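Each remark here refers to the structure printed beneath this line.
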Amino acid sequence: MAEHAKLGVRLNRICCIGAGYVGGPTMATIALKCPQLEVVIVDMNEDRIKRWNSDELPIYEPGLMEVVKACCGKNLFFSTDVKKGIEEADIIFASVNTPTKTQGVGKGRAADLRFIESVGRTIAQYASRSKIVIEKSTVPIKTAEAIARVLSANEAAAGGSKNFWILSNPEFLAEGTAMKDLDAPDRVLIGGQDQDAIQVLADVCANWVPRDRILTTNLWSSELSKLVANAMLAQRVSSINSISRLCERTGADVKEVARAIGTDSRIGPKFLNASVDFGGSCFQKDILNLVYICQQFGLEECAAYWQQVVDMNDYQKIAFTSKIIQSLFNTVTKKKIAVLGFAFKKDTGDVRETPALMVCDMLMKDGAIVHVYDPKVVIEDALTEFKYHDLEVNKNQLIFSKSPQEACDGAHAIVVVTEWDEFKTYDYKSLYDKMMKPAFLFDGRNMLDHAALVDIGFEVHALGKGQIKSSGGQSQIPDFVTRAGSGLLSGGYSP
């Protein structure tokens, strides 16, 4: 791309600050689709950059390795030299973490913007000419204005005349399908105040995205749209999870209810699968941020509405884990519990805000010995997440197994937390044979053949279902136990 006539900047080098879950896949895709552009991803984390330049990428995403291999060293580069990356770039993407604040004003709700502010100050320090600066991180509304103030104030103080055009280009990726989402996005959203700068980014995206899928808005609409998109998706999950609790009490089947309402074209079938929670680094963080923004503008009723989505999510995890404990005769002390899956969803190794955290924590606090098997998660990542949430772990109670067989051998119960496809393929008869009896299975994703598991001999508990029967229609719990009304085996737990 030649120098832009109106903006007066060259347009052939892109720098992305931040080599994480968003920056890495997004820039790799741009490099693949735009071989005429040079794409450099910079990060101060030396270990992370080293892994991007190796055969063991710092993140797992189906299809990512192939794209990185195709472009790395050609027009895609990973570096710790932030100064050089900024100096040489024409377009700079800011793709850094924006976690929820853990202290001070807005603790537990507001976004911590220190990293995005630092990006602005770093660009101001090293930029030697005018740049287009693009927010890729999920940020609160008006963040672009703050970045612009940082850049303009520093430029004025230095007596310079450089221009910085600020754009918002939020990502709408789902972990596990990020490369597919990037290759064929539902939409690309670009917000800005300068139409020429907007057109520059639109032209880059148009190398593979149809023009009618490239939406342009003002800065504030773009920033808010990302938060609202995640809030609406999470709302659907919490809504169907609330109905799953009602189904368990009434004898309805939440999967049948979801299918019935999902065929309504006004509703649609997506995000109507009841689960132990929605998990992940985005949904809860973004809803809490939305809650805080509503409160800042005095919209307390709006804030309370969105807060309930998060509260329902927490309630679902507590209810699910309480059912495990109460079904196992109201105690799991010194009992081995096999937990299948620790990632927050399948096809990723990401453990941020995973439901497995609360499930394992509650079980361990009740005395359980938890054996986890996950095909992509290592115990070090799990322990880091426990530490982030200030949860203490007795390492004698949390063991990561090398195989599902090792995790289930001698276990009192199997707890399915992540919906890995391989979990559907296991020989559950052989797992059952080596477990303590009665052998329990709790399906937190409603992904297994429950009737077949009852036929094997498992006592099966699933979300949004009452008493699960065998393929022959027989109850898995003897009538005299159910009639006893103990509340331990009949599903009469308190949450």
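Small disclaimer: the values here were computed from a predicted structure and weren't measured. FYI, the numbering just counts along the sequence from 1. As a basis for the values below, the full set of heavy atoms in this structure was taken, side chains included, without hydrogen atoms, waters or symmetry mates.
Using a 30° and 60° split on the angle between ring planes, Y428 and Y426 fall in the tilted class, from 30° to 60°. The aromatic rings of F423 and Y373 lie tilted to each other, with the angle between the two planes from 30° to 60°. A perpendicular orientation is assigned to the rings of F458 and Y432, their planes being inclined by more than 60° (bins at 30° and 60°). F386 and F342 have tilted rings, their planes meeting at an angle from 30° to 60° on a 0 to 90° scale.
The backbone N or O of V417 sits less than 3.5 Å from a side-chain atom of R445, completing a donor-acceptor pair. Checking side-chain atoms of T333 against main-chain N and O of D366 turns up a donor-acceptor pair under 3.5 Å. A donor-acceptor pair is defined here as one N or O able to donate and one able to accept, closer than 3.5 Å; no such pair exists between the side chain of T177 and the backbone of K180. Of the possible polar contacts, none joining the S137 side chain to the V139 backbone as a donor-acceptor pair under 3.5 Å is found. Judged purely by atom type and a 3.5 angstrom limit, D374 has no side-chain atom pairing as donor or acceptor with the backbone of L340. Judged by distance alone, the side chain of R109 and the main-chain N or O of N289 form no donor-acceptor pair under 3.5 Å. Between the side chain of E353 and the backbone N or O of G279, no donor-acceptor pair lies under 3.5 Å. Checking side-chain atoms of K323 against main-chain N and O of F442 turns up no donor-acceptor pair under 3.5 Å.
Residue E392 qualifies as open at atom CD: its count of foreign heavy atoms under 6.0 Å is 12 or below. The neighbour count for K437 NZ, taken as heavy atoms of other residues, nucleotides or ligands under 6.0 Å away, is above 12.
Taking all atoms of both residues into account, the shortest heavy-atom contact from I30 to V39 is CG2-CG2, 4.1 Å. Contact between T98 and T138 at its shortest, heavy atoms only, is OG1-O, 2.7 Å. Considering all non-hydrogen atoms of both residues, S95 and G23 come closest at OG-N, 3.2 Å. Across Q295 and A303, no two heavy atoms sit closer than the pair CG-CB, 3.5 Å. Looking at every heavy atom in both residues, S238 comes nearest to M312 through O-CG, 3.5 Å. Considering every non-hydrogen atom in both K107 and T102, the closest pair reads CE-O, 3.2 Å.
In this structure, the side chains of R236 and L272 come closer than 4.5 Å at one or more pairs of heavy atoms. Contact annotation: the side chain of Q284 never approaches that of D277 to less than 4.5 Å [non-hydrogen atoms, C-beta and beyond]. Contact annotation: the side chain of I243 approaches that of C247 to within less than 4.5 Å [non-hydrogen atoms, C-beta and beyond]. Side-chain contact between V310 and Q307 is present, with at least one heavy-atom pair separated by less than 4.5 Å. Considering only heavy atoms from C-beta on, K465 comes within 4.5 Å of K255 through its side chain. C282 is not listed as a side-chain neighbour of Y21, based on a closest heavy-atom distance of 4.5 Å or more. With contacts defined as side-chain heavy-atom distances shorter than 4.5 Å, the pair L32/W208 does not qualify. Taking 4.5 Å as the limit, some side-chain heavy atom of V237 sits within range of a side-chain heavy atom of N241.
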Go through K136 and C16 one step at a time and tell me if the side-chain contact (heavy atoms from CB on, under 4.5 Å) criterion holds.
CA-CA 9 Å; K136 200 67 183 175; C16 177; over 6 Å; no

Audit row: V377, F400, side-chain contact (heavy atoms from CB on, under 4.5 Å) steps and yes/no:
CA-CA 9 Å; V377 177; F400 267 60; 4.0 Å; yes

Could you give me the CA-CA distance, side-chain angles and deciding distance for M179 and L182, then say whether side-chain contact (heavy atoms from CB on, under 4.5 Å) is met?
CA-CA 5 Å; M179 300 310 291; L182 287 163; 4.3 Å; yes

Intermediate values then yes/no, salt bridge (charged side-chain N to carboxylate O under 4.0 Å, His left out), R266 and D264
CA-CA 5 Å; R266 297 169 299 175; D264 187 326; 2.7 Å; yes

Candidate pair Q235 and Y305, rule side chain to side chain donor-acceptor pair (under 3.5 Å), full reasoning
CA-CA 10 Å; Q235 179 198 51; Y305 176 85; 2.3 Å; yes

Going through the checks in order, is the side-chain contact (heavy atoms from CB on, under 4.5 Å) test met by W420 and T425?
CA-CA 10 Å; W420 286 101; T425 68; over 6 Å; no

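Summarising the geometry, atom CD1 belonging to I369 is positioned 11.0 Å from atom CG belonging to L363; distances are rounded to the nearest 0.5 Å. Between atom CZ of residue F271 and atom CZ of residue F283 there is a gap of 4.5 Å, rounded to the nearest 0.5 Å. Rounded to the nearest 0.5 angstrom, I414 CD1 and M435 CE are separated by 4.0 Å. Between the OG atom of S221 and the CD atom of E223 there is a distance of 9.5 Å, given to the nearest 0.5 Å. Interatomic distance, CD1 of I293 versus CD1 of I141, reported as 7.0 Å (0.5 Å rounding). A distance of 10.5 Å separates CD of Q316 from CD1 of I318, quoted to the nearest 0.5 Å.
Residues R259 and E256 are not paired through a salt bridge, judged by the lack of any N-O separation under 4.0 Å between the basic side chain and the carboxylate. Salt-bridge check for E175 with R352: passed, with a basic side-chain N closer than 4.0 Å to an acidic carboxylate O. A salt bridge does not link K424 to E419: none of the charged nitrogens lies less than 4.0 Å from a carboxylate oxygen. Taking a cutoff of 4.0 Å between a charged side-chain nitrogen and a carboxylate oxygen, D47 and K50 do not qualify as a salt bridge. Salt bridge absent: D347 and K376 never bring a charged side-chain N and a carboxylate O closer than 4.0 Å. By the 4.0 Å N-to-carboxylate-O rule, D112 lies close enough to R114 to be salt-bridged with it.
Considering N45, L76, I59 in turn, I59 is the only one that fulfils the side chain to side chain contact (heavy atoms under 4.5 Å, CB included) rule with W52.
K336 pairs by the side-chain hydrogen bond (donor to acceptor under 3.5 Å, both in side chains) definition with nothing, not counting sequence neighbours. Remark: D443 engages no residue in a salt bridge (Lys or Arg N to Asp or Glu O under 4.0 Å) (not counting sequence neighbours).
Contacts classified as side chain to side chain donor-acceptor pair (under 3.5 Å) and involving residues 57-72 (residues at least two apart or in different chains) are given here: D55-K69.
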